[in-house]
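Working notes for the structure below.
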Amino acid sequence: MGLFDKIKQKVASAFEAVSFTKLKEGLEKTRSAFVNRLKSVLGSGRKIDAELLNDIEEILLTSDIGVGTTVSIMNAVKLRAKQDGFSDSSEIYDMIKDEILSILTAVPAPEEDAIYAVNSNDVPHTIMVVGVNGVGKTTTIGKLARNYREAGRKVIIGAADTFRAAANEQLEIWAERAGVEIVQQGHGADPAAVAFDTLKAAIARKCDVVIIDTAGRLHNKTNLMAELEKMSRVMKKVKPNAPNEVYLVLDATTGQNALQQAKEFSKVSKLTGVVLTKLDGTAKGGIVIAITNELKLPVRYIGIGEKIDDLQPFNASDYVNALFEERGNG
Ligand code: GDP
Ligand code: GDP
Ligand code: MG
């Protein structure tokens, strides 16, 4: 067993609470809307004909996995039906599961995510968190900070959402819950200045991880672009390769609209991954597949509840197993 695997095993045991069972519970609604329907169509030894294929297509289309993704899965199913054929309709079920897994593993998240590791030669590891209002940025930052801290990293949060009056207070509560430090200025302060101060403080206090909250003003795209660019530029004065990560937070309950937001944000910022929140509250969990397939952006973390321990590193095989109700790896 390599060193990395050893560390991984050690940290994995520290995250026992963040279990596969919880993921399964979080995906309950998506499972009943998507997988259970698929099962009822495919599990009954039905004749494999055009009507069956239409039924499958209909289920995929209405499960928020997106038109493009549906088409590519259906093409694979049809190709196999024509070439090798299926001996039983349940084989189509297995094939769809495999197709989804291969879509998700094609855009992998870094292994470091799962163990909250940072490169000690490149600290503070700087994460900027962007997304429209209400998607769960601040909550995600609290959860992420807590998980990094549990893994033994020193974390500092920057309150650069200076736009909303109550934003500082809310982030302060999360910083306290997570047991990490926070840097803030007054309401209306320049977000770039807050980011600058946070990085300076992080270096002075030898922090491993910096997480910067931002205000999501997508309705004013020009301003948002200018603001995010300025923040990155000012951070680079302190650390030339900052930010290391730009996470786009998306609310899974908004389904296809999340995909639209991702397209817009990709135009104004160089995103390195997606955090998908509120999977627990929606039947639209298929959006994970659309995001990965259509944007080629890795889903890095998923939110499956409002509490501080309700954030999990995204793992494609666990996700698929939890969704298709089978045994997981973790
Ligand atoms: P922001 O405006 O993007 O910073 O969003 P907030 O962090 O303030 O979150 C908005 C709402 O979403 C809050 O009520 C959170 O409790 C809720 N929320 C965030 N993440 C999750 C999640 O994973 N599951 C559920 N059920 N609610 C969440
Ligand atoms: P400009 O405002 O577009 O000209 O961009 P600058 O790169 O000159 O600075 C952007 C912002 O970053 C400034 O308005 C400050 O708020 C902040 N900033 C830059 N340098 C410093 C610094 O040394 N200390 C602090 N606290 N903030 C700084
Ligand atoms: Mg917020």
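Both counts, for ligands and for their atoms, begin at 1 and track the order of listing.
- The ligand atoms of ligand 1 that sit less than 4.0 angstrom from a heavy atom of Gly303 are 23 (O).
- With hydrophobic clusters built from ILVMFWY side chains whose heavy atoms lie under 4.5 angstrom apart, Phe196 shares a cluster with Met235.
- For atom 2 (O) of ligand 1, the nearest non-hydrogen atom from the set Gly305, Gly26, Gly134 belongs to Gly134.
- For ligand 1, the polar-atom distance check finds no N/O of Asp310 at less than 3.5 Å from any of the ligand's N/O atoms.
- Ring orientation note: the planes of Tyr148 and His125 are tilted relative to one another, at an angle of 30° to 60°.
- Of all the atoms in ligand 1, the ones that sit under 4.0 Å from a non-hydrogen atom of Thr138 are 4 (O), 7 (O).
- Paired with Ile291 under the rule side-chain contact (heavy atoms from CB on, under 4.5 Å), one option of Leu276, Leu248, Leu104 passes, and it is Leu276.
- Grouping the Ile, Leu, Val, Met, Phe, Trp and Tyr side chains by contacts below 4.5 angstrom, directly or via other members, places Ile308 apart from Val209.
- Side-chain atoms of Arg31 come within 3.5 Å of backbone atoms of Lys24 as a donor-acceptor pair (strictly under, hydrogens ignored).
- Of the protein's heavy atoms, Gln170 NE2, 2.9 Å lies nearest to atom 8 (O) of ligand 1.
- Side-chain atoms of Thr126 do not come within 3.5 Å of backbone N or O of Asn244 as any donor-acceptor pair.
- Hydrophobic clustering (side-chain heavy atoms under 4.5 Å, transitive across Ile, Leu, Val, Met, Phe, Trp, Tyr) keeps Val194 apart from Val180.
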request  = For Thr214 and Glu227, run side chain to side chain contact (heavy atoms under 4.5 Å, CB included): C-alpha distance rounded to whole Å, both residues' side-chain angles, the deciding distance at 0.1 Å, then the answer.
outcome  = CA-CA 10 Å; Thr214 64; Glu227 189 168 294; 5.7 Å; no

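- Within the sub-2.8 Å shell of the Mg ion (ligand 3), the protein contributes these N/O/S atoms: Thr138 OG1.
- Of the heavy atoms in Lys143, only side-chain atoms (C-beta onward) come closer than 4.0 Å to ligand 1.
- Applying side-chain contact (heavy atoms from CB on, under 4.5 Å) to Ile65 and the options Ile287, Ile59, Ile289 leaves one that passes, Ile289.
- With hydrogens and angles ignored, the 3.5 Å screen pairs no side-chain donor or acceptor of Arg300 with any backbone N or O of Tyr247.
- Taking a 4.0 Å cut-off on heavy atoms, Ile304 registers as neighbouring ligand 1.
- Ligand 1 has no N or O atom lying under 3.5 Å from any N or O atom of Asn133, backbone or side chain.
- Under the side chain to side chain donor-acceptor pair (under 3.5 Å) rule, Lys278 has a single partner from Thr253, Thr254, Asp251, which is Asp251.
- Atom 1 (P) of ligand 1 has Lys137 N, 3.4 Å as its closest protein atom, hydrogens excluded (heavy atom only).
- Note: no N/O pair closer than 3.5 Å links Thr277 and ligand 1 by distance alone.
- Among protein heavy atoms, atom 14 (O) of ligand 1 sits closest to Glu306 OE2, 3.6 Å.
- For Lys267, the side chain to side chain donor-acceptor pair (under 3.5 Å) partners at least two apart in sequence or on another chain are Glu264.
- A donor-acceptor pair shorter than 3.5 Å cannot be found between the side chains of Glu57 and Thr70.
- Remark: minimum distance from atom 11 (C) of ligand 1 to any protein heavy atom is reached at Lys278 NZ, 4.0 Å.
- Distance from atom 5 (O) of ligand 1 to its nearest protein heavy atom, with residue and atom name: Gly136 N, 3.0 Å.
- The residue among Thr139, Val132, Val249 with a heavy atom at the shortest distance from atom 7 (O) of ligand 1 is Thr139.
- In terms of N/O distances under 3.5 Å, ligand 1 is approached by Asp280.
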